[in-house]
Amino acid sequence: MTLIQKGRVVSLVGLVLLGAVYVRALAFTPTEATQGLAQKIYYIHVPAAVWAETSMILIGLASIFFLFLGDPRLDRFAEASAQVGAVFAAVVLTTGPIWGKPIWGTWWTWDARLTLTLLLFFIYLGYLVMRGAVTDVGLRARYSAVLGICGLLLVPFIHFSVLMFRTLHPQPIVLKPSAPSLPGVMLVTLLLSFGVFTILYIGFVMQTYALALAHEAGSDG
Amino acid sequence: MGDVLRHAWVIARKDLLLEFRSRTAFLSAAVFTALVLTVFNFGRDPTAVATIDLAPSILWITFIFAAMLALNRAFQLELENQALEGLLVAPISRRSIYWAKLIANLMFVSVVEAIGLPLFVLFFNVPIGNVLVPLVGLIVLATVGFVAVGTLFSAMVIRTRFAELMLPVLLLPFLIPPLIGAVQVTAALFAGRPLSEVEGWLRLLAAFDMCFVTLATLLFPATVNE
Amino acid sequence: MLSAEGLRHSFGSVRALDGISFTLSAGRTLALFGPNGAGKTTLLKVLAGLIQPEAGRAVVEGGRAAVGWIGHQSHLYGHLTVRENLLFWATLYDVPRALRLRRADELLRRLGLADRADVQVRVLSRGLMQRATIARALIHDPRVLLLDEPFTGLDLSAAAEFRELLTELTGAGRIVVLATHNVDEGVELATDVAFQSRGRFVHFEPRGARGPSDIADAYRRTVASG
């Protein structure tokens, strides 16, 4: 099977599993007392946010290796990860308000997760726009690597500044921080969702990577 | 390192001489700063919010936008007659080129800020007399961070098609964490609160400066090597 | 001494250098002929240290400090005068202060720029700018000269003057690589001749006693035989 076919299979498996997780979430996981049905969005929102951030970290690492090794596959991976990361970030930014409106009455709030994801989203967009603006392939790869590494370094700064800002100006917490306070069943559903999103990430990256490879081969030949 | 700084200074001095000769960039930046401050004045409802509450934001947004306009000049100077190629052939470290542009940008932006700050005080009646020294210190601290990242990015965007538009798109996400810090510390200063209250922000700004100046120095050669 | 070993470099799918190896010792002048796209400029850029080749290596004794480069662009700053440009590059190349002014004056005189020394480069005609470019390349007394079509823009008398200057420079034990597609321009200066086509040296041999027409014939024959 070619890479793109494998990628499609993985993504499809992921989507089916996502459906399964949602069946579990809706039918077999208790509804949260205060937040009601809207809280179910949590199971997409949180894993997507984690992967939106992890994508950036992976881009940063791939970029560091690219500058040392010069392997174009690392650059292609970084590009794929940026596209997928942008999509996951968009998911977070849309599910956040969908959750927030029924609960808090406002579409948007500057809570830690949404703010971080918004900034990541901007970095992804900038990364992709810049790639579009540079025609020379070698230059584009080097510039992307530089931007990717800077993005990686920025992540901890975003965390700290958002954290400090929140202690000064408490915002409604869009979603309770995960783990210990979640009852067992919900935690399991969440972990399953994490697993599914991992599969989705891998599948989407494989497809995007394969597409980029095909595009390059097409334009060279 | 000594050689790097020495060569950087030779290049920076040349930039300042060029800047002085043509003057347009500098005048435009100064006028732009004054205009932005004016726009801020008319872009708000003075009865709704007290000036002093908005003042820190106004100051820093003005500085950021003026700085962003100024950053591209540094590398644009090397585009003419492809002088950058000459710098790359010369027996100097690539890092000297980055440091030269960093120094030149810092000097340029500092002068623009030195004009902007008094105008700001004048237009918005902000009493900064007794916090002038810490305020200037803060401005230096934050500006170093903005300009360090901005200089690196401008080296890249200068070779893209829409350099003026690309730079803010790439740079602004990176400026937000230090911006938050700068505004918080400024607000504390204007409200007469002790600096110890905003120690966390000052540390963040200092860490940002150190990390990004170092990273930019390390990454810059990748933007010019072929 | 200058040597190249197995140089290979591509830009995307275009093979600019496809296995070039040669050595030049002190006092040799290589005239490098070839059609546009043969990779002459790429070869010179690799020798100058501007491009890191994908494979192979080039070694220039003395490193970048010993290289004088004339490419397609002048590397001069338009808003600086000719003299200021020369002094800038001299300083960057660490020419001792005592020598800088003296050498600058001498080159200005030699290249007929003495009366334009304090004129800003941007108002110079193309021919004068090319002369200023030559001065810039020589200001640090390089042992190795890499010249990419340096006669472009020079009128007959300036070209003759430059040829005389080159003869002087090569006589003093320098190494010169002169890329050109015009046989008349460089052949008499050369000790060695090479034809470059599609990234390779088709021939590399001493010139011997052959004149421009002989070389041109040999070149045409090589190109005709593919």
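Reminder, nothing fancy here: chain letters follow the sequence lines and each chain counts from 1. Only a predicted model underlies this, so the values are computations on that prediction, with no experimental measurement involved.
Atoms CG and NZ, from C:Leu87 and B:Lys14 in turn, are 14.0 Å apart once rounded to the nearest 0.5 Å. Residue B:Glu80 holds its CD atom at 9.0 Å from CZ of C:Arg122, rounded to the nearest 0.5 Å.
Contacts of residues 18-33 of chain C with chain B at a heavy-atom distance below 4.5 Å are absent; not one residue qualifies.
Contact record, B:Val89 with C:Trp69: CG1-CB, 3.9 Å, taken as the closest heavy-atom pair. The two residues B:Leu18 and C:Tyr77 make their nearest non-hydrogen contact at CD1-CD2, 3.7 Å. In this structure, C:Phe88 and B:Leu87 approach most closely via the heavy-atom pair CZ-CD2, 4.2 Å. Looking at every heavy atom in both residues, B:Asn81 comes nearest to C:Gly78 through ND2-N, 4.5 Å. Across all non-hydrogen atoms, the minimal contact from C:Asp94 to B:Arg6 is OD1-NH1, 2.8 Å. Across C:Arg64 and B:Leu88, no two heavy atoms sit closer than the pair NE-O, 3.4 Å.
Residue C:Leu156 qualifies as open at atom CG: its count of foreign heavy atoms under 6.0 Å is 12 or below. Counting heavy atoms of neighbouring residues, nucleotides and ligands inside a 6.0 Å radius, atom CD of C:Gln52 does not exceed 12 of them. Counting heavy-atom neighbours within 6.0 Å of C:Glu54 CD, excluding the residue itself, gives a total above 12.
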Check step by step if side chain to side chain contact (heavy atoms under 4.5 Å, CB included) holds for B:Gln82 and C:His72.
CA-CA 9 Å; B:Gln82 262 204 43; C:His72 295 293; over 6 Å; no
